[in-house]
Amino acid sequence: MKPLIVANWKMNPVSIKEAEKLFNSVKHGVEDIESAETVICPPFIYLPLLKGLVLGAQDCYWEEKGAYTGEVSVAMLKEIGCKYVLAGHSERRKLFGEKDNDVNKKVLTILDAGLIPILCVGETEQEREQEKTEEVLKEELEIGLVDVRDVSKVIVAYEPIWAIGTGNPCDVEEAQRMKEIIQKMVSKNIRILYGGSAKANNAEGYLKQAGFDGLLVGGASLDPKEFVKIVNTS
Ligand code: PEP
């Protein structure tokens with residue numbers, strides 16, 4: 001399978017005009033690259049406006065419809081053409097109080113709809129210092145994957161929280177070790193992405209040396225030249 005390079009735009013950019021400009025620059029830059037699958041996860045409101053690249057959503061809710069103010073269902077995301085949905089990004093967990101059980105409901109709902117969940121897991125700096133990384137990953141994976149019948153339909157993103165948005169990426173060797181631990185915990189057949197200050201100058205290490213199946217890219221995905229360079233390394 002081709003490596004998956006996923007752009008998480010988070011709550012950026014601030015206007016439709018800028019979103020279209022960024023999207024079109026990336027689209028133009030990756031149109032001849034066949035070695036990777038490029039996925040853009042913009043804010044929900046831009047999803048229906050962006051055409052010509054594979055789309056993903058940054059989050060979802062597990063109910064199909066109803067009185068859930070502010071939420072977006074997987075059925076809505078499917079209708080609009082999303083293929084992937086992030087579940088349990090660390091910012092959702094930390095800032096919006098998502099728990100492993102919530103993340104699990106999201107994963108199951110995404111799978112039920114025939115879309116592909118990208119389950120985000122990773123340890124904080126403190127957990128790493130206290131050597132609790134494996135414990136944290138185990139819990140996030142065990143609960144996140146409850147009742148999932150075929151784990152090969154789920155993608156896991158290993159995202160050490162201390163590396164997200166800090167410009168301090170995880171060493172390739174350490175990331176590779178975590179990837180192997182996740183494979184041991186879940187299955188050899190699960191696709192695993194790396195995320196955390198991924199850039200053009202470190203992408204190759206994660207993809208070629210550590211053998212990740214792709215990257216989840218935050219900050220660098222807002223710079224079309226940098227992002228296209230990352231896609232090009234695959
Ligand atoms: C992310 O938010 O998933 C992420 C990896 O961000 P960044 O690339 O900015 O560290």
Side-chain angles (χ1 to χ4, degrees), residues 3-14 18-19 22 26 30 36-44 46-47 54-60 82-98 103 106-107 110 116-125 127-128 133 136-137 140-141 144 154-172 174-176 178-179 182 191-207 210 212-234:
L4 200 62
I5 311 296
V6 183
N8 176 13
W9 287 2
K10 312 193 187 195
M11 201 171 72
N12 299 292
V14 295
E18 285 171 88
L22 172 57
V26 172
V30 302
E37 182 174 0
T38 306
V39 182
I40 308 291
C41 302
F44 288 133
Y46 301 142
L47 281 168
V54 176
L55 293 173
Q58 297 174 17
D59 189 26
C60 65
C82 282
K83 178 172 175 187
Y84 298 91
V85 186
L86 304 186
H89 188 279
S90 61
E91 285 151 18
R92 299 293 320 165
R93 294 177 190 262
K94 184 174 165 217
L95 304 172
F96 303 100
E98 269 185 29
V103 176
K106 293 182 181 194
V107 167
I110 297 162
I116 303 171
I118 301 178
L119 168 61
C120 304
V121 297
E123 78 287 1
T124 61
E125 173 131 57
E127 288 160 345
R128 179 171 175 248
T133 300
V136 169
L137 295 180
E140 288 182 334
L141 289 165
V154 177
I155 294 173
V156 168
Y158 170 59
E159 296 210 295
I161 295 168
W162 50 269
I164 295 182
T166 58
N168 176 29
C170 185
D171 283 349
V172 171
E174 184 176 338
Q176 180 172 358
M178 294 310 150
K179 187 192 104 206
I182 293 169
R191 283 204 281 169
I192 306 177
L193 314 182
Y194 169 78
S197 298
K199 300 231 163 21
N201 65 8
N202 59 28
E204 199 171 283
Y206 300 116
L207 296 171
F212 279 92
D213 301 289
L215 298 166
L216 181 50
V217 186
S221 72
L222 299 173
D223 174 344
K225 277 202 191 127
E226 180 76 12
F227 185 67
V228 170
K229 268 197 212 159
I230 294 176
V231 179
N232 243 323
T233 59
S234 54

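In listed order, ligands and their atoms are each counted from 1. As a basis for the values below, the full set of heavy atoms in this structure was taken, side chains included, without hydrogen atoms, waters or symmetry mates.
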What I want to find out is whether [X] reaches [Y] closely enough, with some N-O distance under 4.0 Å, to be called a salt bridge.
X      : Y      : answer
Glu37  : Lys83  : yes
Glu174 : Arg128 : yes
Glu98  : Arg93  : no
Lys10  : Glu91  : yes

Is [X] in polar range of ligand 1, meaning some N or O pair under 3.5 Å apart?
X      : answer
Gly219 : yes
Lys10  : yes
Gly196 : no

Rounded to the nearest 0.5 Å, what's the gap from CD1 on Ile118 to CG on Leu193? Could you check? 5.5 Å

Report the distance from atom SG of Cys120 to atom CD1 of Ile155, rounding to the nearest 0.5 Å. 10.5 Å

Flag side-chain contact, heavy atom, 4.5 Å: Leu216 against Tyr194: no

Please assess Trp162 against Glu123 for the test side-chain hydrogen bond (donor to acceptor under 3.5 Å, both in side chains), listing each intermediate value before the final yes or no. CA-CA 7 Å; Trp162 50 269; Glu123 78 287 1; 2.9 Å; yes

Write out the residue and atom name of the closest protein heavy atom to [atom], then the distance separating them to 0.1 Å.
atom                   : value
atom 1 (C) of ligand 1 : His89 NE2, 3.2 Å
atom 8 (O) of ligand 1 : Gly218 N, 2.8 Å
atom 3 (O) of ligand 1 : Glu159 OE2, 2.7 Å

Considering only heavy atoms of [X], which atoms of ligand 1 have at least one such atom less than 4.0 Å away?
X      : result
Gly165 : 7 (P), 9 (O), 10 (O)
Leu216 : 3 (O), 5 (C)
Asn8   : 2 (O), 3 (O)
Ala163 : 10 (O)

Which bit of Ile164 gets closer than 4.0 Å to ligand 1, counting heavy atoms only: side chain, backbone, both or neither? both

Applying a 4.0 Å heavy-atom criterion (strictly less than), which segment of Ala220 is in contact with ligand 1: side chain, backbone, both, or neither? neither

